[in-house]
Every structure is written in C-alpha cells, then in structure tokens.
Amino acid sequence: MKRTNTAISVFVRICLAVLLFILLAGILALTFTYVGNGQRNFYVKYSNEVIISEKKGVELSKDSFSVFYCGTLTGQKIDYDVQVFLNVKNVENFDFSVDENRKNFKSDLTEYNCAELFNVAKFANCFILFIPNDLTVEKVIQSKYPEKKITGIPPVNLDMKDSFILTITDGVEKLKTQIYFC
C-alpha cells in the first residue's frame, strides 16, 4: 500500500510540475506577445499629443503647414504611408457627371486618396501637410478626374467638423492611425 501511495505521490508531483511549466511558458508567451508584437507600437504625434489609433475633431489651420511626427514606443526604425480621404459620411450624397457619365459621390470618392491636394511631404520620422484655404469638393473631384468636364456638383461646406480623414499606415504592423480633421 505504501508503494502505491508513493507512486501516486510521484505521479501527482510530476503532473503538478508539468502544469506549472505550461503555466509559466504561457505567461512568458503572453508577456512576449504583448511587449514585442501584440502591443500597438507605432504612434503619430501632433501638437504635443500622441495619437495611437484614432483622433477626431482635429482643427488644422488653413493656408499653413502642419507637422506630424511618427515613431515607435520601442525606438525601432519606422516605415509608414500617408493618405488623405474625404470623409464622405459627413457630406450629403449626390450624383454628378464626368464627361456626361453619371457618378455617385459616396460610392465614387470613398476610397479616393486626395493627398496630392494637401502637398504631403514625407520624411524619415515626420510628414508635413498643407491645408489649402480654397479647397472645395469640386477640386477634390477634379483631382480624381483631371482634364475631364465635371458638372452637377452642389455647394458643399468643407469647413465642418471632420471633413477629411488623414490615414497613416504603419509599414511593420500594418495598422492604421486615423486623424479626422477640417
């Protein structure tokens, strides 16, 4: 009987040691994932504010340059892409014509990157964005269809809150930081 109790005791100890090892390995794996890869590492800094994933209601001065700094929490080398989209959700939908071909505002401009209108200049750890004072929906559409005749565009106020979405995509994590601005 004593031999059976000893065998059970050894078996329980081995099982407990294996479970403890699995638990410690799991904790180490989660810690590594959080610190190394799982944590949002890339950030954008504007006007002394660090933006990790999204910021709405940012007001950028017209006819001036705005500087955005990019970096990582761990100091790694950064790679990023900058795009600017018209926030079509903030504008009432309408139809317009491009060389007599009918187009729908929301479906046609949802994915259009109009960064060229903002003269985006990208550098190693920052980018500069220029906000033109005379920017209109018609100019955005005309930039998508250069040298085409655009008709049927109603007046749209782009000075309202969050007219544009500045999207910065981290080249390593492939995650997006979005800044809604007007």
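The chain is numbered in sequence order, starting from 1.
Contact annotation: the side chain of Ile141 never approaches that of Tyr112 to less than 4.5 Å [non-hydrogen atoms, C-beta and beyond]. By the 4.5 Å heavy-atom criterion applied to side chains, Phe96 and Asp108 are counted as neighbours. For the pair Asp63 and Phe130, the minimum side-chain heavy-atom distance is below 4.5 Å. Between Val172 and Phe42 the shortest side-chain heavy-atom distance does not fall below 4.5 Å.
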Stepwise side-chain contact (heavy atoms from CB on, under 4.5 Å) check, Val140 with Leu117: CA-CA 7 Å; Val140 173; Leu117 293 172; 3.7 Å; yes

Verdict with reasoning, Asp170 to Thr177, per side-chain contact (heavy atoms from CB on, under 4.5 Å): CA-CA 8 Å; Asp170 173 28; Thr177 300; over 6 Å; no

Test side-chain contact (heavy atoms from CB on, under 4.5 Å) applied to Phe164 and Leu135, step by step: CA-CA 11 Å; Phe164 292 93; Leu135 188 60; 3.4 Å; yes

Worked check of side-chain contact (heavy atoms from CB on, under 4.5 Å) between Cys70 and Val44: CA-CA 5 Å; Cys70 299; Val44 177; 4.3 Å; yes

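When atom types are taken as modelled, the side chain of Asn41 and the backbone of Thr74 share a donor-acceptor pair closer than 3.5 angstrom. For the pair Tyr80 (side chain) and Lys122 (backbone), a donor-acceptor distance under 3.5 Å is absent. With hydrogens and angles disregarded, a donor-acceptor distance shorter than 3.5 Å links the side chain of Gln142 to the backbone of Lys148. Looking at Lys45, its side chain never comes within 3.5 Å of a backbone N or O of Gly71 through a donor-acceptor pair.
One hydrophobic cluster holds both Val98 and Leu86 under the rule that ILVMFWY side chains link at heavy-atom gaps under 4.5 Å. Clustering ILVMFWY residues whenever any of their side-chain heavy atoms sit less than 4.5 angstrom apart, transitively, puts Phe118 in the very cluster that holds Leu158. One hydrophobic cluster, built from ILVMFWY side chains closer than 4.5 Å, holds both Tyr145 and Ile153. Note: the hydrophobic cluster containing Leu129 also contains Ile78 (ILVMFWY, side chain heavy atoms under 4.5 Å, direct or indirect links). Note: the hydrophobic cluster containing Phe105 also contains Val156 (ILVMFWY, side chain heavy atoms under 4.5 Å, direct or indirect links).
Atom SG of Cys182 and atom CD1 of Ile131 lie 9.0 Å apart (nearest 0.5 Å). Here the CD1 atom belonging to Ile165 is positioned 4.0 Å from the CG atom belonging to Asn87, to the nearest 0.5 angstrom. A distance of 10.0 Å separates CD of Gln83 from CD1 of Ile168, quoted to the nearest 0.5 Å. Note that NZ of Lys55 is 14.5 Å distant from CD of Gln178, once rounded to the nearest 0.5 Å. Rounding to the nearest 0.5 Å gives a distance of 10.0 Å between OG1 of Thr167 and CD of Glu54. The distance from atom OH of Tyr69 to atom CD1 of Ile51, rounded to the nearest 0.5 Å, is 13.5 Å.
Taking a 6.0 Å sphere around CD of Glu92, one finds it holds 12 or fewer heavy atoms contributed by other residues, nucleotides or ligands.
Nearest approach of Lys149 to Glu100, heavy atoms of both residues: NZ-OE2, 4.3 Å. Between Leu109 and Lys144 the shortest heavy-atom distance is CD2-CD, 3.9 Å.
Each of Tyr43, Tyr46, Phe181 was evaluated against Phe68; a single residue qualifies, Tyr46, per the ring pair (Phe, Tyr, Trp, His ring centres under 6.0 Å) test.
Residue pairs meeting the salt bridge (Lys or Arg N to Asp or Glu O under 4.0 Å) criterion with at least one member in residues 154-163, sequence neighbours excluded, are Lys62-Asp159.
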